[in-house]
**Student:** 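Would you mind keeping the following structure in view while I ask a few things?
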Amino acid sequence: MAVLKPAGYLTHHVGQGKKDGAPALTDWLLKKHPGLKKVGDEPSMRPGIVHRLDKDTSGVILVPKNQKYFEYLKSLFKSRAIKKTYLALVWGVPKERRGSVDVPIGIRSGTIRRQAGGGKMQKPAVTEYSVKETYKDKKGESFALLEVRPQTGRTHQIRVHLKHIGHPIVGDPIYGRRKEDVKQLMLHAYALEFESEPGKMLRLEVEPPEEFEKVLSNLTKQI
């Protein structure tokens, strides 16, 4: 299956006690497809979950319906054979229309936050981006809508890398700065492209949610 995870939903609960205070995609999945209780590495914790999105990120998630396909998709993610494309609205406009951020990501000491080029347990991370549109708001502040293609899958990778180059994502409460009329993280998992079976390519796309589009409509597109 391919499903749209709304912003504000966890992909799965952190523990079985469900004390994390937010709804999870897995709650909905189990109601619709109880057979997922037997799918995954830890199906009691993450039924049917082979990859994740941050709670505040919306977008497409693949959900294998049996263990055999779970293992197949897991192997594709591990070998980086699945191309991921995100849309991100950022503060400011990058000087280059296309760019790549190749900076390891570590954990900031004493926190669960990530940082680029420092911290503990650093791991290689590469993020490619291109400028799709540019905007201004009523105050004259500049913004850019980016297509972002992470080549690795580190926690908070896109958010950390875009902050690192001076263009944090609008609405990011951890790595960015808030915009008073934006109530959500402006990051959306737009597309996945992969071999649904050997030799058969499949591209799945899901348009940004209404709230995302509303924020864009309140900005003035630049030519």
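All figures in this text were calculated on a predicted structure; none of them were measured in a lab.
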**Student:** Return the OH to OG1 distance between Tyr9 and Thr11, rounded to the nearest 0.5 Å.
**Tutor:** 12.5 Å
**Student:** Out of curiosity, Trp91 CH2 to His167 NE2, how far, rounded to the nearest 0.5 Å?
**Tutor:**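 NE2 of His167 is found 13.0 Å from CH2 of Trp91.
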**Student:** What residues form a salt bridge (Lys or Arg N to Asp or Glu O under 4.0 Å) with Asp54, not counting sequence neighbours?
**Tutor:** Arg159
**Student:** So, does Gln222 use its side chain to make a donor-acceptor pair with the main chain of Thr220 at under 3.5 Å?
**Tutor:**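 Pair found, side chain donor or acceptor close to backbone of Thr220.
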**Student:** Measure the spacing between CZ of Arg177 and NZ of Lys163 and express it to the nearest 0.5 Å.
**Tutor:** 12.5 Å
**Student:** Would you say Thr134 and Ser142 make side-chain contact, with heavy atoms under 4.5 Å?
**Tutor:**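 SC-SC contact between Thr134 and Ser142 ruled out.
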**Student:** Are Val90 and Tyr129 side-chain neighbours, meaning at least one heavy-atom pair lies under 4.5 Å?
**Tutor:** no
**Student:** For Ser196 and Tyr72, work out which heavy atoms get closest and say how close.
**Tutor:** O-CE2, 3.6 Å
**Student:** Should Lys74 and Asp41 count as an ion pair when the cut-off is N to O under 4.0 Å?
**Tutor:**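 Yes, Lys74 and Asp41 are salt-bridged.
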**Student:** To the nearest 0.5 Å, tell me how far Leu162 CG sits from Asp172 CG.
**Tutor:** 9.5 Å
**Student:** Between the main-chain N or O of Ser130 and the side-chain N or O of Arg97, is there a donor-acceptor pair closer than 3.5 Å?
**Tutor:**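 No, Arg97 side chain to Ser130 backbone: no donor-acceptor pair under 3.5 Å.
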**Student:** Donor-acceptor check, side chain of His156 to backbone of Arg113, threshold 3.5 angstrom: yes or no?
**Tutor:** no
**Student:** Please determine which of Thr57, Leu146, Val148 meets the side-chain contact (heavy atoms from CB on, under 4.5 Å) test together with Ile158.
**Tutor:**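 Only one of Thr57, Leu146, Val148 forms a side-chain contact (heavy atoms from CB on, under 4.5 Å) with Ile158, namely Val148.
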**Student:** Any donor and acceptor pair, going by atom type alone, linking the side chain of His161 with main-chain N or O of Val103 inside 3.5 Å?
**Tutor:** yes
**Student:** Is it the case that the side chain of His188 and the backbone of Val206 share a donor-acceptor pair, with hydrogens and angles ignored and the cut-off at 3.5 Å?
**Tutor:** yes
**Student:** Could you give the distance from OG1 (Thr26) to CD1 (Ile49), rounded to the nearest 0.5 Å?
**Tutor:** 6.0 Å
**Student:** Between Arg149, Arg203, Lys84, which is the residue that forms a salt bridge (charged side-chain N to carboxylate O under 4.0 Å, His left out) with Glu193?
**Tutor:**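 Exactly one pass, corresponding to Arg203.
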**Student:** Spell out, as yes or no, whether a donor-acceptor pair under 3.5 Å connects the side chain of Lys55 to the backbone of Pro23.
**Tutor:** no
**Student:** Any side-chain to backbone donor/acceptor pair from Thr152 onto Val126? Under 3.5 Å, distance only.
**Tutor:** yes
**Student:** Which residues satisfy the ring-ring contact (aromatic ring centres under 6.0 Å, His included) test with Tyr86, sequence neighbours excluded?
**Tutor:** none
**Student:** Closer than 3.5 angstrom, by distance alone: can the side chain of Lys38 be matched with the main-chain N or O of Pro43 as a donor-acceptor pair?
**Tutor:** no
**Student:** Determine whether a donor-acceptor pair (N or O, by modelled atom type, separation under 3.5 Å) exists between the side chain of Arg108 and the backbone of Gly106.
**Tutor:** no
**Student:** Between the side chain of Glu128 and the main-chain N/O of Val101, is any donor-acceptor distance below 3.5 Å?
**Tutor:**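 Judged by distance alone, no pair lies under 3.5 Å.
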**Student:** Asp137 vs Asn218, test: side-chain contact (heavy atoms from CB on, under 4.5 Å). Steps then yes/no.
**Tutor:** CA-CA 7 Å; Asp137 65 8; Asn218 288 331; over 6 Å; no
